[in-house]
There are 2 protein chains.
Amino acid sequence: MAEPTTREQIVAAADRLFYERGFEKTSFADIAGEVKISRGNFYHHFKSKDEILSAVIEVRASKTEAMLEKWEKQRDTPGGQLRCFAEMLIRNRNDIQAFGCPVGALCAELSKLDHPAQADAGMIFTLFRQWLRQRFVELGAVEDADSLAMHLLARSQGIASLANAFRDEKFIRHEVRLIEAWLDEVRSRGATKAGTGE
Amino acid sequence: MAEPTTREQIVAAADRLFYERGFEKTSFADIAGEVKISRGNFYHHFKSKDEILSAVIEVRASKTEAMLEKWEKQRDTPGGQLRCFAEMLIRNRNDIQAFGCPVGALCAELSKLDHPAQADAGMIFTLFRQWLRQRFVELGAVEDADSLAMHLLARSQGIASLANAFRDEKFIRHEVRLIEAWLDEVRSRGATKAGTGE
DNA sequence: GTCTATACTGAGATAGAC
DNA sequence: GTCTATCTCAGTATAGAC
């Protein structure tokens, strides 16, 4: 696996372009131009644009799973692992300010297009949701775990949305601090239902 | 002002279609079809798609200002007025699940297109931001008011994003309850800096 | 035979002439 | 208000290069 195959290059280029410009706005010519192959050529690799989209979603899902596993290895407490998630917003702050969240943006676009792949794109959200839920279970919030996971996911989406609209890095850092304080609060409350308002 | 002018009809149709399908995905023919006028007649009112976009953004800004004023009249406490904002998510739950937040979606799309009107679209966020900030000032959180406004705006964006991805009405209702509990907390803390993590 | 490149078709869009 | 020019794009057919 010294150098990537043409197929891998196409998927990588499409992945980035779909993020930067959006799925609809990215043409075959754009991708071909990036990979430096002729436009007709990659009909050998992909029969349609939807096939490229499927491949991109698959790759994103794999990368997401790998990232979640890495976080589990990097920190040995559920609280620390949840912080990895929150800090992702800071690590990716430049891309987020320029292009928003890749998962949220793709889901929103496919939803408006009523595209058949919207369920597949939504699965990436579900990967995060289930992983977060498991961390909250380990943190002791067994009954609320799913609500807490959705809450944290929503907070991160909101931050990405406004950071993109206002191009405000300070806002990202401030909100991540708020999330970390909230996580401390959830942890300290342990298995009680507090923190979810119920 | 018994019946709307052709121009107003065009803008109203474009407004809805931009929300439901997105700006790029909406063609002149789509709008003309809705208004039932010929495409030629169209050019009498708008020379380009960007002109329609400007008109739509202007109308949305006006409607937003009117809505904010209405909330100020409906409730006589800043806490009650802030609840109007949060409850907007429940009032518009069906549209939000189907199409997301109109403000956030347009800003995100124009950002990806690097469209000249993205600053104008962002102004609608700013309208909300400034209005929310003023409510928090009146609530006693003078120094934090802008951070609190951004925080609330972000929460609402995140809720819209996930409600759209998961088509989950219960989630919306639960998160709005969390916001209301958070607002009570902010109010009870009054002018202190608590609640923002600083 | 796998990969790549060129040329072409048809659909649908903006834009504008008449 | 019809009709047309032009452009971009997805998709195809087919032939050449390694």
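Note on naming: letters A, B, ... go to the chains in the order of the sequence lines (proteins, then strands), and numbering restarts at 1 for each one.
A heavy atom lying under 4.0 Å from DNA chain D marks the following residues of residues 18-30 of chain A, by number: A/T26, A/S27, A/F28. Taking a 4.0 Å limit (strictly below) on heavy-atom distances, residues 43-59 of chain A reaches DNA chain D at A/Y43, A/S48, A/K49.
Residue pairs that meet the side chain to side chain donor-acceptor pair (under 3.5 Å) test with at least one member in residues 94-103 of chain B, sequence neighbours left out, do not exist here. Among residue pairs with one or both ends in residues 61-82 of chain B, those qualifying as ring pair (Phe, Tyr, Trp, His ring centres under 6.0 Å) are B/W71-B/W131; sequence neighbours excluded. Among residue pairs with one or both ends in residues 55-64 of chain B, those qualifying as salt bridge (charged side-chain N to carboxylate O under 4.0 Å, His left out) are B/D15-B/R60; sequence neighbours excluded.
Here B/Y19 is tied into one hydrophobic group with B/F99, each link being a pair of ILVMFWY side chains closer than 4.5 Å.
Smallest separation of non-hydrogen atoms from A/R75 and A/Q81: O-NE2, 2.9 Å.
Helix-axis bend for the helix from C/dG1-D/dC18 to C/dC18-D/dG1: the local axis fitted to the five terminal pairs at one end deviates from that at the other end by 20°, rounded to 10°.
For the salt bridge (charged side-chain N to carboxylate O under 4.0 Å, His left out) with B/R93, the lone residue among B/E169, B/E175, B/E87 that qualifies is B/E169.
Among residues two or more places apart in sequence or in another chain, the salt bridge (charged side-chain N to carboxylate O under 4.0 Å, His left out) test is passed with A/R135 by A/E72, A/E138. Every residue was checked against the salt bridge (charged side-chain N to carboxylate O under 4.0 Å, His left out) condition with A/D50, not counting sequence neighbours, and none meets it. Under the salt bridge (charged side-chain N to carboxylate O under 4.0 Å, His left out) criterion, A/E34 pairs with A/R16, not counting sequence neighbours.
In this structure, B/F166 has its ring center no closer than 6.0 Å to that of B/F171.
A donor-acceptor pair under 3.5 Å is absent between the side-chain atoms of A/N164 and the main chain of A/S161, judged by distance alone.
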Side-chain donor-acceptor distances from residues 117-128 of chain A under 3.5 Å, at least two apart:
| from | atom 1 | to | atom 2 | distance (Å) |
| --- | --- | --- | --- | --- |
| A/Q118 | NE2 | A/D114 | OD1 | 3.1 |
| A/Q118 | NE2 | A/H115 | O | 3.3 |
| A/T126 | OG1 | A/G122 | O | 3.3 |

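Here chain B contacts DNA chain C (any atom closer than 4.0 Å to a heavy atom, that is under 4.0 Å), and the contacts span C/dA13 to C/dG16 from 5' to 3'.
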